[in-house]
Amino acid sequence: MSHIPAFGLGTFRLKDQVVIDSVRTGLELGYRAIDTAQIYGNEAEVGQAIAESGVARDDLFLTTKIWVDNYAKGKLAASLEDSLTKLRTDYVDLTLIHWPAPDNGVSLDEFMTALADAKAKGLTRQIGISNFNIALTKQAMAAVGKDAIATNQIELSPYLQTPKLVGFLEEQGIHVTSYMTLAYGKVLGDAVIGKIAQRHQATPAQVVLAWALQRGFSVIPSSTKRENLASNLLAQTLRLTADDMAQIAALDRNAREVSPDGLAAKWDD
């Protein structure tokens, strides 16, 4: 299994000076994994913040995601080269197919092979997928080989635990990266999580992130506030009990926040 940092900084919905400040602050606080995407429209700003931080490239783990407009064999590598220019780097550590987009007109075989070719060219160290269900993950494995797929980055929170998909990925040895782990903040007001947080003298966000980390998932929470960026990092040292984990497991309600028409395939749960 490929190594992907357990804790990273997400940049979804952050633009312009806001994302520059968030990444700069994150790097100051010790974050070393940064997650972006072509469609976020912030790769250049992320690149600027990294360049100005003075942190060595070798110490960073950069992830970006190919947008659906760039899936065709003739476009994918060129679009990734454009991302590298914006990010001011010669390579990214991980490149993901952002959504399966089954009606996009480009076959899964074509875009997975193009992504593997981009890796062979040295544009990315690792490749993976995002928002893929079980059936499409199987197709991706068939296209490029199971060992080539470093992760499936999926929406995953206490309210959306996707047991079938997670179980399948774990069975196959494909690492799970959780995004929207806090469900746009909705889980932070949960009474069960609040009580666990009180017992541990922790914040609800720390409890939720610690839950995901203890499940073996990577997390990429974002924030624009220094205190939250710093506080989130402390989730790495919080140890939840088996009873805590069981209580959070019982919160699953299959509540999905993100499922764009035309981009998502049928979910397993």
request  = Kindly indicate whether the side chain of Asn131, heavy atoms from C-beta on, has any atom under 4.5 Å from the side chain of Leu263.
outcome  = no
query = Heavy-atom distance under 4.5 Å between the side chains of Asp243 and Gln247, does that happen here?
reply =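 Asp243 reaches Gln247 side chain to side chain.
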Looking at [Y] and [X], is there a salt bridge between them, counting it only when a charged N and a carboxylate O are closer than 4.0 Å?
X      : Y      : answer
Asp93  : Arg57  : yes
Lys186 : Glu257 : yes
Asp82  : Lys86  : yes

For [X] and [Y], indicate whether the former's side chain and the latter's backbone hold a donor-acceptor pair under 3.5 Å.
X      : Y      : value
Thr124 : Thr95  : yes
Asp268 : Lys164 : no
Glu45  : Asp16  : no
Gln161 : Ile248 : yes
Ser53  : Ile50  : yes

key: Nearest heavy-atom neighbours spanning Ser222 and Thr11   =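 Nearest pair, atom of Ser222 first, then Thr11: CB-N, 4.4 Å.
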request  = Search all heavy atoms of Ala230 against all heavy atoms of Leu29 and return the closest pair with its distance.
outcome  =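 The answer is N-CD1, 3.7 Å.
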task = May I ask whether Val55 and Tyr91 are part of the same hydrophobic cluster, defined by side-chain heavy atoms of I, L, V, M, F, W, Y residues being less than 4.5 angstrom apart, directly or through others?
result = no
key: Co-membership, hydrophobic cluster, residues Val258 and Val187, 4.5 Å side-chain   =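 Yes, one cluster joins them.
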key: Gln214: side-chain hydrogen bond (donor to acceptor under 3.5 Å, both in side chains) partners, not counting sequence neighbours   = none
ask   = Glu43 and Ser83: side-chain donor and acceptor closer than 3.5 Å?
value =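 Distance-only check passes for Glu43 and Ser83.
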Crowding at CG, Asp59 (>12 non-hydrogen neighbours, <6.0 Å) = yes
task = Provide the full list of ring-ring contact (aromatic ring centres under 6.0 Å, His included) pairs with a residue in residues 22-61, sequence neighbours left out, each pair given once.
result =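 Listed by first then second residue: Phe7-Tyr31, Phe12-Tyr40, Tyr40-His98.
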